[in-house]
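Just so you know, these numbers use all the heavy atoms, side chains as well, and skip hydrogens, waters and symmetry mates.
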Amino acid sequence: MRRRLRRGPRAHTPRAVVALLSVASGLSIISASASAQTGCTVTPSSIGPAADVCQKANDLFRFLVPQVGVAVAAGNPVPGEGGTMGGWGKRAFSLRLVGVDGQLPSNVVPLRLTGPAVASDFGASRSIVPLPALDAAIGVTEGIPLGLTNVGGVDVLLGVSALPKASSGGFSLDPKDKFGIAISYGARLGLLQESSIIPGVSVSYMRRKLPTVDFGYRSGNDTLSVAGTKVVANSLRLVASKRIPLFGLAVGVGRDEIEGSSSVLATVNEQVNGVTQRASVSVPLLAEKVTRTTAFVNASVNLLVARVVAEFGWSNAGPSRQLVNTFGGHRADEGYRYGSIGLTTRF
């Protein structure tokens, strides 16, 4: 009375796409509370409570959603920039690819519809969780002059994250918006405006989103469908930077509040008491919220009309999560490294 969960094929698909689809498949079987059975319904109910399926759903969510949230939040809201723009109409645009040095489940594990939850080891394989983004900073006020700098300047921050429609083996990923984008927004307050000898220092708030997606997974005669998967990161940042004609350096710290939500319906066909039966396992409302502290450094090189900016960051361990299942020795609350590479231009 077991059904095995198989990994999606990787042999014929770029690793970055497979990583994104693998994260999506994990997020699709999540639980809304510390009790994995809360809101988990099995039809027909005579088959059993599906305690094992619901517990594994809960544990997969708690393991995977922080990694997606770290990719959405990233580090510096405007790569390579620390101070504000310096007045109305001044702008900076950045195009970058963010990646999290994450861990995705790698083992084949049993899923039980009957009996109590059983601890399994999902394993974990190192994979980059990617997300492309376009960011903009638009100057509103230059602030108040103070010696060789200004204080109190304000910028509006905007961002766009994108997900393409894609498929890999039994996986399919279909953004609800036809363009597969999500709009982010925020603001930045200048503490010091960068000048020839003064570094730029600012504090900012940004609400970043993963594009809302529907996706599914098919394995044999079993299917998994998900509606309205969302991940949002509310990010507070303190950043300092200094640029010279050829090179630039920025450092920052911050706090992220990561929220995830979705709903799921799985259809499983298996032998129960010698008879092949079809069971539907559903969780109609799925949600989770975690907070993390982050720190990052940016290095940039001037190319006349733009700067190439590389970022390296660390998102520290989040709130403790006690799971029934294991992930190859990795924890749901552990820290993650992340980075990005992109171009930034000012005018």
Side-chain angles (χ1 to χ4, degrees), residues 72-96 98 132-161 181-209 232-257 293-313 340-347:
V72 172
N76 199 341
V78 182
E81 300 282 341
T84 50
M85 298 306 302
W88 172 254
K90 295 183 178 180
R91 302 174 296 276
F93 290 92
S94 303
L95 178 64
R96 59 176 163 177
V98 181
L134 175 67
D135 298 302
I138 303 172
V140 177
T141 63
E142 62 181 347
I144 302 170
L146 182 64
L148 297 176
T149 185
N150 288 352
V151 297
V154 175
D155 295 338
V156 171
L157 303 177
L158 299 172
V160 177
S161 298
I181 63 174
I183 304 299
S184 304
Y185 56 86
R188 182 166 60 174
L189 175 65
L191 304 182
L192 291 174
Q193 179 62 39
E194 185 174 344
S195 66
S196 58
I197 61 172
I198 302 295
V201 181
S202 66
V203 61
S204 65
Y205 167 82
M206 194 84 177
R207 182 173 175 84
R208 293 187 178 275
K209 300 179 181 180
V232 176
N234 299 301
S235 302
L236 186 66
R237 298 286 187 264
L238 175 64
V239 185
S241 71
K242 189 71 183 75
R243 291 173 296 143
I244 59 176
L246 292 180
F247 304 102
L249 183 68
V251 295
V253 294
R255 187 74 169 170
D256 296 322
E257 182 182 76
T293 300
T294 189
F296 52 88
V297 59
N298 296 173
S300 60
V301 178
N302 189 16
L303 297 179
L304 297 181
V305 297
R307 285 177 177 263
V308 177
V309 184
E311 178 175 78
F312 175 79
S340 69
I341 187 72
L343 293 174
T344 297
T345 184
R346 292 170 60 105
F347 56 93

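- No side-chain donor-acceptor contact under 3.5 Å links D135 to the backbone of L157.
- Checked for salt-bridge contact, E81 and R346 meet the test: a charged N lies under 4.0 Å from a carboxylate O.
- The CZ atom of R91 sits 7.5 Å away from atom CD1 of I138, with the distance rounded to the nearest 0.5 Å.
- Atom CZ of R255 and atom OG of S235 lie 11.5 Å apart (nearest 0.5 Å).
- The shortest side-chain heavy-atom distance between I183 and V160 falls under the 4.5 Å cut-off.
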Please lay out, stage by stage, how N234 and Y205 fare under the test side chain to side chain contact (heavy atoms under 4.5 Å, CB included).
CA-CA 7 Å; N234 299 301; Y205 167 82; 3.0 Å; yes
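- L303 CG to T345 OG1: the interatomic distance, rounded to the nearest 0.5 Å, is 10.5 Å.
- In this structure, the side chains of L134 and L158 stay at 4.5 Å or more apart for every pair of heavy atoms.
- With contacts defined as side-chain heavy-atom distances shorter than 4.5 Å, the pair R188/V239 does not qualify.
- Summarising the geometry of G80 relative to V309, their closest heavy-atom pair is N-CG1, 3.7 Å, with the distance given to 0.1 Å.
- Between the CG atom of L148 and the CD atom of E194 there is a distance of 13.0 Å, given to the nearest 0.5 Å.
- By the 6.0 Å contact criterion, CZ on F312 is enclosed, its count of non-hydrogen atoms from other residues, nucleotides or ligands being greater than 12.
- Listed for the T344 side chain is no donor-acceptor partner under 3.5 Å among the backbone atoms of R307.
- Within the 3.5 Å criterion, the main-chain N or O of T84 finds no donor-acceptor partner in the side chain of S202.
- Nearest heavy-atom pair, S196 versus K242, reported as atom, atom and distance to 0.1 Å: O-NZ, 3.4 Å.
- Put simply, CG on L343 and OG on S94 are 8.5 Å apart, with the number rounded to the nearest 0.5 Å.
- V140 approaches D155 most closely through the heavy-atom pair N-OD1, 4.1 Å.
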If you apply the rule salt bridge (charged side-chain N to carboxylate O under 4.0 Å, His left out), what do you find for R237 with D256, and how did you get there?
CA-CA 9 Å; R237 298 286 187 264; D256 296 322; 2.8 Å; yes
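- Scanning all heavy atoms of the two residues, the minimum distance from V72 to A233 falls at CG1-CB, 4.1 Å.
- One N or O on the side chain of N150 and one on the backbone of E142 form a donor-acceptor pair closer than 3.5 Å.
- For the pair T141 and G152, the tightest heavy-atom approach, listed with the atom from each and the gap, is OG1-O, 3.9 Å.
- Looking only at distances, a side-chain donor or acceptor of T149 sits under 3.5 Å from a matching main-chain atom of Q193.
- Proximity of a side-chain donor or acceptor of E311 to a complementary backbone N or O of N76 within less than 3.5 Å is detected.
- Side chain of T294 to backbone of G254: no donor-acceptor contact under 3.5 angstrom is found.
- Nearest heavy atoms, K209 versus V232: CG-CG2, 4.0 Å.
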What do the steps show when you test L192 against V151 for side chain to side chain contact (heavy atoms under 4.5 Å, CB included), and what is the final call?
CA-CA 5 Å; L192 291 174; V151 297; 4.3 Å; yes
